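No experiment lies behind these values; they were computed from the predicted model shown. Sequence positions, counted from 1, serve as the residue numbers for this chain.
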Amino acid sequence: MLRDLSNVDGACLDVPTIDRLRAAPSAHPPRILLLYGSLRERSYSRFLTLEAERLLKHFGAETRIFDPHGLPLPDGADVNHPKVKELRELSLWSEGQVWTSPERHGAMSGVMKAQIDWIPLSVGAVRPTQGRTLAVMQVSGGSQSFNAVNQMRVLGRWMRMVTIPNQSSVAKAFQEFDEAGRMKPSSYYDRVVDVMEELVKFTLLTRDVSSYLTDRYSERKESGEALMRRVNLTAAT
């Protein structure tokens, strides 16, 4: 029994060490998946996503953008639906993600939420989002708001992602993009540069130790108890 820790299972307790956080760095480019939350032809969340992708590529990342057209509503189709499979496979491929949503009725869009809802917390022993980095951005038709990014931060935590501190919220988005869909120079654009730069830094910092960063005492304890039940059951038969 550990002194003053009578409620702790010592066999499952881990003492964090700096050496475990010094894994050999991966040589491949950071893999970043980008999701956007609108199906409109002139979609400012898609335009902002494309600007983010250009920056990420400049910073050396490999990128994929998921097109939400054709994605069924959650539970509205089987998990073997081609768009659902594509989204889940991209999530597994990624080491970091960017979520960009318009604000609708003071919240993220249904298109954005549907994509997140199709990515499960776990598939068997695999967690499609755990330990991956996340950057959140939103566009608004009116004055600046942070409702959508705040909601996505909550979801990122729920999905066990490492959400970076910085974020982007573009107000009156219809004024911030030209006819070709390119973002105009502004303090809003500068913030997008900040966010993508920070995302790449955090991804490089965490991707090789993400499994250690997200390793939890409670889950080790639960797994140990399950193993003991199985061993005891086998011994009794």
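- Here the shortest heavy-atom pairing between Gln115 and Leu87 reads O-CD2, 3.3 Å.
- Ring to ring, Phe177 and Tyr44 are close: their centroids are under 6.0 angstrom apart.
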Run Glu53 and Val98 through side-chain contact (heavy atoms from CB on, under 4.5 Å) and show every step you take. CA-CA 9 Å; Glu53 183 187 40; Val98 180; over 6 Å; no
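- Of the charged side-chain nitrogens involved, at least one lies within less than 4.0 Å of a carboxylate oxygen, so that Arg220 and Asp215 count as a salt-bridged pair.
- At least one test fails for Arg88 against the ring of Trp118: distance under 6.0 Å to the centre or angle within 45° of the axis.
- A salt bridge does not link Lys201 with Glu198: every distance from a Lys NZ or Arg NE/NH1/NH2 to an Asp or Glu carboxylate oxygen is 4.0 Å or more.
- When Asn166, Leu155, Val195, Val149 are each tested for a side-chain contact (heavy atoms from CB on, under 4.5 Å) with Val136, only one passes: Val149.
- The side chain to side chain donor-acceptor pair (under 3.5 Å) test with Ser91 singles out one residue from Arg64, Glu86, Gln97, and that residue is Gln97.
- The shortest heavy-atom contact between Leu35 and Phe66 is CD2-CB, 3.6 Å.
- Pro102 has its side chain out of reach of Tyr36: every pair of non-hydrogen atoms, C-beta onward, lies at least 4.5 Å apart.
- The CG atom of Asp9 sits 12.0 Å away from the OG atom of Ser218 when rounded to the nearest 0.5 Å.
- Taking 4.0 Å as the cut-off between side-chain N and carboxylate O, Glu95 and Arg31 count as a salt-bridged pair.
- In this structure, the side chains of Glu62 and Pro30 stay at 4.5 Å or more apart for every pair of heavy atoms.
- Each of Arg132, Gln130, Arg160 was scored for a side chain to side chain donor-acceptor pair (under 3.5 Å) with Thr214, with one residue passing: Gln130.
- In this structure, Gln138 contributes its side chain and Glu103 its backbone to no donor-acceptor pair below 3.5 Å.
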